[in-house]
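Not measured: the values here are computed from a predicted model. For reference, positions follow the sequence shown, starting with 1.
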Amino acid sequence: MAKKSNNVINQTIKSSTRISNRNPLSQKELDLLDRYWRASNYLTAGQLYLLDNPLLKKPLTPDQIKKVIVGHWGTCPGQNFIYTHLNRVINKYDLNMIYLSGPGHGGNAMVAQTWMEGSYSEVYPNITQDEEGMKRLFKQFSFPGGIPSHVAPETPGSIHEGGELGYSLAHAFGAVMDNPTLIAACVVGDGEAETGPLATSWHSNKFINPATDGAVLPILHLNGYKIANPTIFARMDTDEVEAFFKGCGWTAPFVEGDDPIQMHQKMAAALDWAVREIQRIQENARTIGDTKRPRWPMIVLRTPKGWTGPKEVDGKPVEGSFRAHQVPLSAPGENPEHLKQLEQWLRSYKPEELFDEEGRLLPELQAFAPKGNRRMGANPNANGGYLLRDLRLPDFREYGVDVPTPGAVNAQDMIELGKFVRDVIAYNPTNFRVFGPDETASNRLTAAFETTGRRWMGDAEPPYDEYLDPNGRIMDSMLSEHMCQGWLEGYLLTGRHGFFNSYEAFIRIVDSMFAQHAKWLKVCQELPWRQDIASLNYILSSNVWQQDHNGFTHQDPGFLDHVANKKADVVRLYLPPDANCLLSVFDHCIRSRNYVNVMVTSKHPRPQWLTMEQAVKHCTQGIGIWDWASND
């Protein structure tokens, strides 16, 4: 007979906060907020099309238009809308907030926003906040020698790269772990929401402790379409979408419409509610120690795709359709009608009401943005090396196996490492975590449970459960390699340390995530303003040579091949032959910066070969010849 839960009722705390029915913005606030949004949309569209005449001081001519129009528009006005409104609540509540852009493209929106707030010009001094700087800003976008069309390492304030979809929410949750003052506002595109990793990520709210962690504020941006198809969420009715998120443990109000003035009031009310709800949840946990899993707030934003852009082009609808996904006007430099429409579109934002004659934002718009590190483009959490601190580490040599002669004793390498990991966790209680998809014990790191438990915010049912702990530092209670990888990446990118333990055969599930992170590290090495971060460390056990009992499915050393084809300035591979070598390698890897380190090792009993002194020498030199085992 199936056992019954001892505590099913009241598993989550319901929201006690309500969204105000009153318009929260005064007329002055509404006007300022709308003008700021219009300015960001103008700069975003200008990046797509213009080489010259950035302020439209004269009529547009074909020579002022880029020859090849590359980029995306459809997601941008909605993201500008969100970023602008987040600026308002940052100022109102003095929030420590970062922004993650989940949709695959739309980098021009975040570039526009960070230029307006000044953080862009601080890291790229040649892109000045004036007409000449605006011209350079426009030209560089999706241009040879310029910047990518998606949010990338080159974008200030970013810890999440667009392009490949599905990881934004996992990154956001990793960012707020052990980061109690941080709110990670994560925009999830409705196309992105259809991916497996993103669909899984909604359950990450079960692993955030409001007493010790920050908060993630997801904003699902339902603009209706992917590249060529409608999105699933957009064609679900409101009740069905609300029920979906309620079932995942979220409270999800809807902000819907296409009239900017009404939408500003609705969004302001929704964000005020969400911030107050986050603060209420955290205060409840931090003052009375309530560890029940709360129902966290999120927002569902329905706006037309390509909002405020051309309504119709060549007789076909654009705004609110899939045709707005990329560039609404494909050939304004060659097609006189398109050129006319482009100028009408850009002038609809009334740039003369936004910028002065020198191309600077008007003073009242400059004043709208947050200041200093409160700007999302300048928040240190989005350049985590600023916050990175060295780990406190015991001497790994003290955990070594006594080896009187090669092969004289047997030991289990991962069991010995587990003792070291146990004490690393104890020495670093707020900036080091272990990640794994329900495999930490299977991989013989059991000693780590002597100092901490598994993070778990739901019910615990002893004696059936073991080591579940709302304050646990081992993140292995969710059977998802995608979540472990995404959480760890977000944790590292915001200045902390950790490692991912898994089975060698099944780490292939995150092949692409590894590649994307390696690319991020490679680009960051070329950006002097990006600070060093802790390396992404994998420990892969249950290796191919020791899995004959589990069959062919568990035998796949292919991850090594995948990693080895990356440049040596980003990746390192380690194959420690015994426990002492594993301890030496692990200590080196968790001290390192800006690498992806892959350690493949054994968890089963096997002969031990080297003394600790010999192991350190061997690992320092790398591949070599053991004289006692060789006839060379």
Side-chain angles (χ1 to χ4, degrees), residues 15-44 76-97 99 109 112-119 129 183 185 187 215 217 219 221 251-280 283 297-304 307-308 347-356 360-377 379:
S15 168
S16 64
T17 314
R18 294 291 178 263
I19 298 178
S20 173
N21 292 323
R22 297 179 180 180
N23 289 336
L25 301 174
S26 69
Q27 188 58 46
K28 181 179 179 180
E29 291 172 323
L30 181 60
D31 175 69
L32 188 63
L33 201 148
D34 188 62
R35 288 167 65 202
Y36 199 90
W37 179 49
R38 281 159 42 203
S40 63
N41 285 337
Y42 179 83
L43 293 167
T44 300
C76 291
Q79 290 203 61
N80 278 328
F81 183 81
I82 293 166
Y83 200 106
T84 299
H85 276 268
L86 293 175
N87 280 341
R88 184 190 73 87
V89 293
I90 289 171
N91 283 331
K92 181 175 180 179
Y93 298 98
D94 189 27
L95 301 178
N96 176 23
M97 179 178 279
Y99 180 89
Q113 290 283 351
T114 52
W115 185 82
M116 291 169 66
E117 71 188 22
S119 58
Q129 287 184 286
I183 298 177
V187 181
L217 177 60
I219 301 169
H221 186 202
T251 300
F254 286 68
V255 176
E256 305 175 280
D258 60 3
D259 178 82
I261 301 306
Q262 294 179 12
M263 288 293 283
H264 284 312
Q265 295 285 11
K266 292 178 181 179
M267 189 65 171
L271 278 174
D272 282 343
W273 163 80
V275 170
R276 292 196 308 269
E277 184 66 2
I278 288 170
Q279 292 174 339
R280 182 193 67 81
E283 183 180 4
M298 63 171 289
I299 293 172
V300 178
L301 175 66
R302 285 189 191 267
T303 63
W307 195 15
T308 75
R347 290 193 186 279
S348 73
Y349 298 118
K350 301 179 181 179
E352 67 279 3
E353 297 180 1
L354 312 171
F355 307 96
D356 65 18
R360 301 182 186 278
L361 273 178
L362 293 177
E364 63 270 28
L365 296 182
Q366 292 181 32
F368 176 81
K371 302 297 179 286
N373 288 348
R374 284 297 191 245
R375 296 171 298 172
M376 290 187 285
N379 191 304

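Sorted by first and then second residue, the salt bridge (charged side-chain N to carboxylate O under 4.0 Å, His left out) pairs with a member in residues 19-30 form an empty list; sequence neighbours excluded. Screening residues 76-93 for salt bridge (charged side-chain N to carboxylate O under 4.0 Å, His left out) gives R88-D272, K92-D272 as the qualifying pairs, with residues at least two apart or on separate chains.
By the 4.5 Å heavy-atom criterion applied to side chains, L217 and L271 are counted as neighbours. Counting heavy atoms from C-beta on, the side chains of F355 and R360 never come closer than 4.5 Å. Between I183 and N96 the shortest side-chain heavy-atom distance does not fall below 4.5 Å. Using a 4.5 Å cut-off on side-chain heavy atoms (C-beta onward), I82 and W37 make no contact. The closest side-chain heavy-atom distance from R38 to E353 is below 4.5 Å.
Residues that satisfy the side chain to side chain contact (heavy atoms under 4.5 Å, CB included) test with L32, not counting sequence neighbours, are E364, L365, F368. Under the side-chain hydrogen bond (donor to acceptor under 3.5 Å, both in side chains) criterion, E283 pairs with no residue, sequence neighbours left out. Scored by the side-chain hydrogen bond (donor to acceptor under 3.5 Å, both in side chains) test, Y36 finds no partners at all (sequence neighbours excluded). In this view, A215 and I278, Q282, W296 satisfy the side chain to side chain contact (heavy atoms under 4.5 Å, CB included) rule, not counting sequence neighbours. Listed by chain and number, the residues in a side-chain hydrogen bond (donor to acceptor under 3.5 Å, both in side chains) with Y83 are E117 (sequence neighbours excluded). Under the salt bridge (charged side-chain N to carboxylate O under 4.0 Å, His left out) criterion, E256 pairs with R302, sequence neighbours left out. Residues forming a side-chain hydrogen bond (donor to acceptor under 3.5 Å, both in side chains) with S40 (at least two apart in sequence, or on another chain): Q113. D356 meets the salt bridge (charged side-chain N to carboxylate O under 4.0 Å, His left out) test with no other residue; sequence neighbours excluded.
Nearest heavy atom pair, residue M298 against residue A252, reads CG-CB, 3.6 Å. Nearest heavy atoms, A109 versus T44: CA-OG1, 3.5 Å. For the residue pair I90 and R374, the shortest heavy atom distance occurs at CG2-O, 3.7 Å. Counting all heavy atoms, side chain and backbone alike, Y42 lies closest to Y349 at CA-CD1, 3.9 Å. The two residues M97 and A185 make their nearest non-hydrogen contact at SD-CB, 4.1 Å. Contact detail for S119 and G377: the closest heavy-atom pair is OG-CA, 3.4 Å.
Remark: N91 CG to L86 CG distance equals 11.0 Å, nearest 0.5 Å. Note that the OG1 atom of T84 and the CE atom of M267 stand 10.0 Å from one another [nearest 0.5 Å]. The distance from the OG1 atom of T303 to the CD atom of Q79 is 10.0 Å, given to the nearest 0.5 Å. Between atom CG of residue N41 and atom OG of residue S348 there is a gap of 9.0 Å, rounded to the nearest 0.5 Å.
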Passes side-chain contact (heavy atoms from CB on, under 4.5 Å), I219 versus L301? Steps please. CA-CA 7 Å; I219 301 169; L301 175 66; 4.3 Å; yes
Pair V300-H221, side-chain contact (heavy atoms from CB on, under 4.5 Å): steps then yes or no: CA-CA 6 Å; V300 178; H221 186 202; over 6 Å; no
What donor-acceptor contacts under 3.5 angstrom involve side-chain atoms of residues 258-265, with partners at least two apart or in another chain?
from, atom 1, to, atom 2, distance (Å)
D259, OD2, I261, N, 3.3
D259, OD2, Q262, N, 2.9
H264, ND1, H85, NE2, 2.9
H264, NE2, D34, OD1, 2.8
Q265, OE1, L25, N, 3.0
Q265, NE2, L25, O, 3.2

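Under the 3.5 Å distance criterion, the side-chain polar atoms of Q366 are matched with a main-chain donor or acceptor of L361.
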